[in-house]
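Step one of this worksheet: look at the structure below.
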Amino acid sequence: MSKQILVTGGTGYIGSHTVVELQNEGFDVVIVDDLSNSNIDVLDAIEKITGKRPAFEKFNLADREKTNVFFEQYKNIDAVIHFAAYKAVGESVQKPLEYYRNNLVSLMNLLENMKKHRVSNLVFSSSCTVYGQPDQLPVTESTPRKPAESPYGNTKAVSEDIMRDFSHANEGINCIALRYFNPIGAHPSALIGEFPVGVPNNLVPFITQTAAGLRDELKIFGADYDTPDGTAIRDYINVVDLAKAHVVSINRLLENKQQSSYEFFNVGTGNGYSVMQLVKTFIKVNGVDVKYQITDRRAGDIEKIWADTTLANEELGWEAEKTLEETLESAWAWEKKVRNIK
Ligand code: UFG
């Protein structure tokens, strides 16, 4: 019988791509999502890509009672991937309690039910935000964490601590935190992708919306950083590659291959690109114009970060496969599909 995976936040950007990869590998998926930042139509798209419609339940996992009822109903879950969380850095500064409540209580409700129902395995969406501005680059998993710059970032650090402490206290609970660098791009089918509500905060959706004519121009936040061209550097990871990192993590847990009950891995490409390089590559590979202007730095941004991915390469047997070029092509193909641009 195929293994059943609970994917929270499975209609969201990274969640939907992961559901596709799980189903392609023969897993049964049940999604829990409150649809607060995603659309139910994603289920149709997943079905179109994989030929299979995942089970779906709509509720917020910070609701303890509803989470308890869910676990009473779904008795055959083998593992959980927990994506469901609020993720806007700026908003988290304005609404810290919402962020702490939603992101931390949902994790605690899940862990409590996993223990009760003997569900052993959890893969969690963490972030390179836990490293802050590292003293040395690239960052390895031994690079020390730094105090969070935002309540959002702090929810990731505290979630990691909760999983570490809970898995140590409870034999049979095993957790893997994946520290994502900057996920971008879309599924090659252009049937799923990133669909931000309102004005995008992140770079690539802002670029694709500018290319599509929804925004007048991209603001490049700062060109006076200590980097070769003065713009900030990130490690941009293709969302399908990232989704596959979840599948290998699930297999590692199901096959009991982990070295300890709580593990964490960097999930990036190992390459840093500047904002300017990214914008220019997008323009070049897609043959479209993107107007841009250099403005002041954005508060809270770090200067540069990219991953050392040796641990994920060696332990998980995973590595990023897609090039930046094909990833930026996929991002534009998705935006065109959404906006009906030929
Ligand atoms: N940028 C611009 N213009 C924009 C948007 C972004 O110049 O309109 C720049 C940013 O200043 C930054 C780079 O593009 O230098 C990437 O910005 P994103 O907002 O796409 O991504 P961040 O690296 O700021 O944020 C990501 C995740 C967060 C996480 C953070 C940790 O989206 O969830 O990394 O550093 F907290």
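All residue numbers in this chain count up from 1 along the given sequence.
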**OP:** Show which residues join Phe195 in its hydrophobic cluster (side-chain heavy-atom contacts under 4.5 Å, direct or indirect), or state none.
**Re:**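 Trp334, Val338, all in the cluster of Phe195.
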Considering all heavy atoms, the nearest [X]-[Y] contact:
X	Y	result
Phe56	Asp33	CZ-O, 3.7 Å
Gly193	Tyr13	C-CD1, 3.6 Å
Thr309	Gly268	CG2-O, 3.3 Å
Asn266	Asp308	ND2-O, 3.3 Å

Just wondering, do [Y] and [X] contact through their side chains at under 4.5 Å, heavy atoms?
X	Y	answer
Val80	Asn121	no
Asp301	Arg234	yes
Met114	Ile173	yes
Val123	Ile250	yes
Phe206	Tyr292	no
Pro196	Gln209	yes
Phe70	Leu6	yes
Ile283	Val288	no

Subject >> Centroid-centroid distance, His246 to Tyr180, less than 6.0 Å >> reply: yes
**OP:** Mind checking salt bridge (charged side-chain N to carboxylate O under 4.0 Å, His left out) for Glu160 and listing every partner two or more places apart, or none if nothing turns up?
**Re:**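 Partners of Glu160 by the salt bridge (charged side-chain N to carboxylate O under 4.0 Å, His left out) criterion, ordered by chain and then number, come out as Arg145, Arg179.
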Original post:
Mind checking what makes salt bridge (charged side-chain N to carboxylate O under 4.0 Å, His left out) contact with Arg53, not counting sequence neighbours?
Top reply: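 Residues passing salt bridge (charged side-chain N to carboxylate O under 4.0 Å, His left out) with Arg53: Asp44, Glu47.
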Could you give the distance from [atom1] ([X]) to [atom2] ([Y]), rounded to the nearest 0.5 Å?
X	Y	atom1	atom2	result
Phe83	Thr11	CZ	OG1	11.0 Å
Lys322	Leu242	NZ	CG	12.5 Å
Ser38	Glu194	OG	CD	12.5 Å
Thr18	Leu178	OG1	CG	9.0 Å

Quick check against the 3.5 Å criterion: does [X] have a side-chain atom that pairs as donor or acceptor with the backbone of [Y]?
X	Y	answer
Glu25	Leu22	no
Asp235	Phe181	no
Asn102	Glu98	no

**OP:** Could I get the full list of side-chain contact (heavy atoms from CB on, under 4.5 Å) partners for Val93, not counting sequence neighbours?
**Re:**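 Partners of Val93 under the side-chain contact (heavy atoms from CB on, under 4.5 Å) test: Ser150, Pro151.
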**OP:** Go through the steps for Phe265 and Glu315 under the test side chain to side chain contact (heavy atoms under 4.5 Å, CB included), then give the verdict.
**Re:** CA-CA 9 Å; Phe265 297 96; Glu315 279 295 315; 3.7 Å; yes
Subject >> Residues in side-chain hydrogen bond (donor to acceptor under 3.5 Å, both in side chains) contact with Gln4, at least two apart in sequence or another chain >> reply: none
Subject >> For His82, all residues meeting side-chain hydrogen bond (donor to acceptor under 3.5 Å, both in side chains), sequence neighbours excluded >> reply: Thr8, Ser106
Original post:
Is Lys75 paired with Glu72 through a side-chain N to carboxylate O contact shorter than 4.0 Å?
Top reply: yes
**OP:** Kindly indicate, with the supporting measurements, whether the criterion ring-ring contact (aromatic ring centres under 6.0 Å, His included) is fulfilled by Tyr236 and Tyr273.
**Re:** CA-CA 7 Å; Tyr236 295 94; Tyr273 287 95; 7.4 Å; no
**OP:** Count the heavy atoms of every other residue, nucleotide or ligand shown that sit under 6.0 Å from NZ of Lys3, and state whether that count exceeds 12.
**Re:**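 No.
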**OP:** Taking atom types as modelled, find out whether Glu91 and Tyr152 have a side-chain donor-acceptor pair closer than 3.5 angstrom.
**Re:** no
